[in-house]
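Data block below; observations after.
Every chain is numbered from 1 and lettered A, B, ... according to where its sequence line falls, protein lines coming before strand lines.
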2 protein chains.
Amino acid sequence: MNPPRRVRLQDIADSLGLSVNTVSRALAGKSAVSERTRALIKAEAERLGYVPNSVARSLVLGSNMTIGVVITNPSNPFYARLISAIEQRSRALGYSLLLMVSEENEENERRAVETMMRWGVDGALVVPVQTEVDHLRRLTSAGTTVVLVNRELSGFSCDLVGIDYRQGAYDATTHLLDSGAEHLCLLEEDLEISPVKARIEGFREALAERGVPEDAVSVLRVPTRRREARALPWEPNESYQLARELVGQLPRRSGILVGNDYFALGVYRAVTEAHRTIATDVAVVGFGDHPFSAYLMPALSSVRLPAEQVGRAAVDQLVARLSKRESPDAYTTVRYSCQLVVRDSSIASSPAQSPPGGG
Amino acid sequence: MNPPRRVRLQDIADSLGLSVNTVSRALAGKSAVSERTRALIKAEAERLGYVPNSVARSLVLGSNMTIGVVITNPSNPFYARLISAIEQRSRALGYSLLLMVSEENEENERRAVETMMRWGVDGALVVPVQTEVDHLRRLTSAGTTVVLVNRELSGFSCDLVGIDYRQGAYDATTHLLDSGAEHLCLLEEDLEISPVKARIEGFREALAERGVPEDAVSVLRVPTRRREARALPWEPNESYQLARELVGQLPRRSGILVGNDYFALGVYRAVTEAHRTIATDVAVVGFGDHPFSAYLMPALSSVRLPAEQVGRAAVDQLVARLSKRESPDAYTTVRYSCQLVVRDSSIASSPAQSPPGGG
DNA sequence: GTGAAAGCGCTAACAT
DNA sequence: ATGTTAGCGCTTTCAC
């Protein structure tokens, strides 16, 4: 059997004794076609199983209704949710998605940008790896609209849709203090990216505001080795090792804020193995509110991240830019606030201390 | 500033006083160009910032080095891993990825197939929603190579790369029996898909082999409502509700196998709330070996799924087919085996019953 | 070794 | 209302 050649406009035109042009217009819904021939053409297209050739269409139109998405790691639950949201919204607006993964690697990101330029995607949604921006600049100056997602980048002006991690960390820290924690520790990823910086800021800000002394505060970096190929950033083992060391020297009434719910798993194990109790001895709050967090024992308090909102808004922002022909003179930055979900891991650590039958 | 028009072969040719053709051949690495001009051309291309137009190239070549991927839900950790693996391997082989999400919805899958036909992707990797196959047939008969991933489909012949869920369930069930469980229950997703069927088979097979009486066995379906928009299949609440009812009537020495680690979270909570103990009273084994499972207390035994192998193999299988020009006369089915990881949730439930100091 | 010409499938401008 | 022509950027004959 020879390869079944694809049905073209020409085939429909021939079969009906019309010109390609008429067929094109009829199927495109343009006005200059009689309803009779249009019906005829549609029927014939249906009969022959005609499928428009997007590649040819894109070549002449110069646009291909495609959005390039560059993500650092789809296995990270947050980015998985983000991809879902982006795909859903893009699909609703008629855009296809070219997915690229940078693996926290600058070189991969460069190649992704190159790919997008080759394909001439209409727009790009990028979670940038780091601070290098020259390739992104090339991309925009080649006429591609770029919207940064989740991570901010100084020295590169474009729209950004992100999350107010500072506020999230601030709220979580304040909550830990309200729950009675006096010694605070932040366990963070070891990447130099804006979400981490913002969380540290929010953490510090809350503590300063309450006048917590410097020596009662520490920020520790978990060696996630994200940049090593195939390393899972959320493998709890690293945070477990770190928490083991930490837990020995942990004073009473301490609170730990972790930059990722997976880190909390390591903390839980370390604390439990040291025969101390989450919540009572050590209050814990996570980031991400992963589905498992509500089901840990005790249930983990966590800062919920609006991945769906961010994904949707990023697509909307991108598409809005595309409809405006000219290059913008001002860029938008949107940071969605995140919401602390209080559960058992951070409830006030004192109730057991009230004397039974007292009062 | 007027839109910066993209650099074409023509621009390089003009700038060097050559023909488009020569430039094309030079950059394509063809032989019929003198080394001197080739160097000149490459330098000029570099200088002007030339980026090949993949759309134009695809139109003439009829192939675009693109693979269409249709996934039911990227937020599902298993599919997230699968996407990662597929992307990584595709990238290594020079293919771009068109990502589409079906949301367990037949209509979306149809649209995804339509999109792939429009773009004329070289091949398609599909996790099929259900049993409908007419659109997939159209896709293949239009000349697109299809490889099914993770879910099997009767009535549609093509290559398939999947997982031996039957074997996984068989091993897990045997293990539960070996651990002393006498009353067995399987908590499964409520989708009519091959992985679920295979797990039920494996479960039943192991029990039959050991002569476990029918009335000591049950298979329950968790109403995951996957098909409802935005419903998270792994939201543990449904399994929690189900397990609550179950746990009241659970005899001693029972074992629960769940089709998804997230279900185990619901079971853990229900069992704990009923003042019974995981492992001792109820042995539990999960499926998926999600990162959190090893950190539950007690640590969850689970069947590890080779998502990375499957993703990589699926791409390799697809690309292998693409290199063979003619339509195949035989299709390959590969099922990767999965490995049970035994942890504390399913250790023998009897040690505490041996009389202290006895023997 | 290089150039001229044709054409991939489609749409837009300009006829008629 | 329909047909003709041109051209998107590239590759592939086929000349020279």
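Phosphate contact (OP1/OP2 of C:dG9, side-chain N/O of A:R6, threshold under 4.0 Å): absent. Look at B:K30 and you won't find any side-chain N or O under 4.0 angstrom from OP1 or OP2 of D:dT11. Residue B:S34 places at least one side-chain N or O under 4.0 Å from the OP1 or OP2 atom of C:dT2.
The CZ atom of B:R5 sits 11 Å away from the C1' atom of D:dG9 (whole-angstrom rounding). Rounded to an integer number of Å, the gap from A:N64 CG to C:dG9 P is 19 Å. One atom, CG of A:D11, and another, P of C:dG9, lie 9 Å apart when rounded to the nearest Å. In this structure, CD of A:E35 is placed 12 Å from C1' of D:dA1, rounded to the nearest angstrom. Rounded to a whole Å, the CG atom of A:L27 is 9 Å from the P atom of C:dT11. Regarding B:Y50, its OH atom lies at a distance of 8 Å from the C1' atom of D:dG9, rounded to whole Å.
The listed nucleotides are D:dG3, C:dT11, D:dC10; the one nearest the side chain of A:L18 is D:dG3. For A:L59, the listed nucleotide lying nearest its side chain is D:dC8; candidates were C:dC10, D:dC8, C:dA12. In the set C:dG9, C:dG1, D:dT11, D:dT11 carries the atom at the smallest distance from any side-chain atom of B:V20. Considering only the side chain of A:L61, C:dT11 comes nearest among D:dT2, C:dT11, C:dT2. The side chain of A:L9 sits closest to C:dT11 out of C:dG9, C:dT11, D:dG3. Distance from the side chain of A:S24 is smallest for C:dT11 among the nucleotides C:dT11, D:dG3, C:dT2.
Note on B:G120: nothing from the nucleic acid sits closer than 4.0 angstrom, heavy atoms only. As judged by a 4.0 angstrom heavy-atom cut-off over every strand, B:T37 is placed among residues touching the sugar-phosphate backbone only. The residue A:V60 sits close to a base: some heavy atom pair falls under 4.0 Å.
A distance-only check finds no donor-acceptor pair linking the side chain of A:E308 to the backbone of A:A85 [under 3.5 Å]. Between the A:R38 side chain and the A:K30 main chain, a donor and an acceptor come within less than 3.5 Å of each other.
A salt bridge links B:R47 with B:E44; the closest basic N to acidic carboxylate O contact falls under 4.0 Å. Of the charged side-chain nitrogens involved, none lies within less than 4.0 Å of a carboxylate oxygen, so that A:R8 and A:D14 do not count as a salt-bridged pair.
Listed by chain and residue number, nothing satisfies the salt bridge (charged side-chain N to carboxylate O under 4.0 Å, His left out) test with A:R138 (two or more places apart in sequence, or in another chain).
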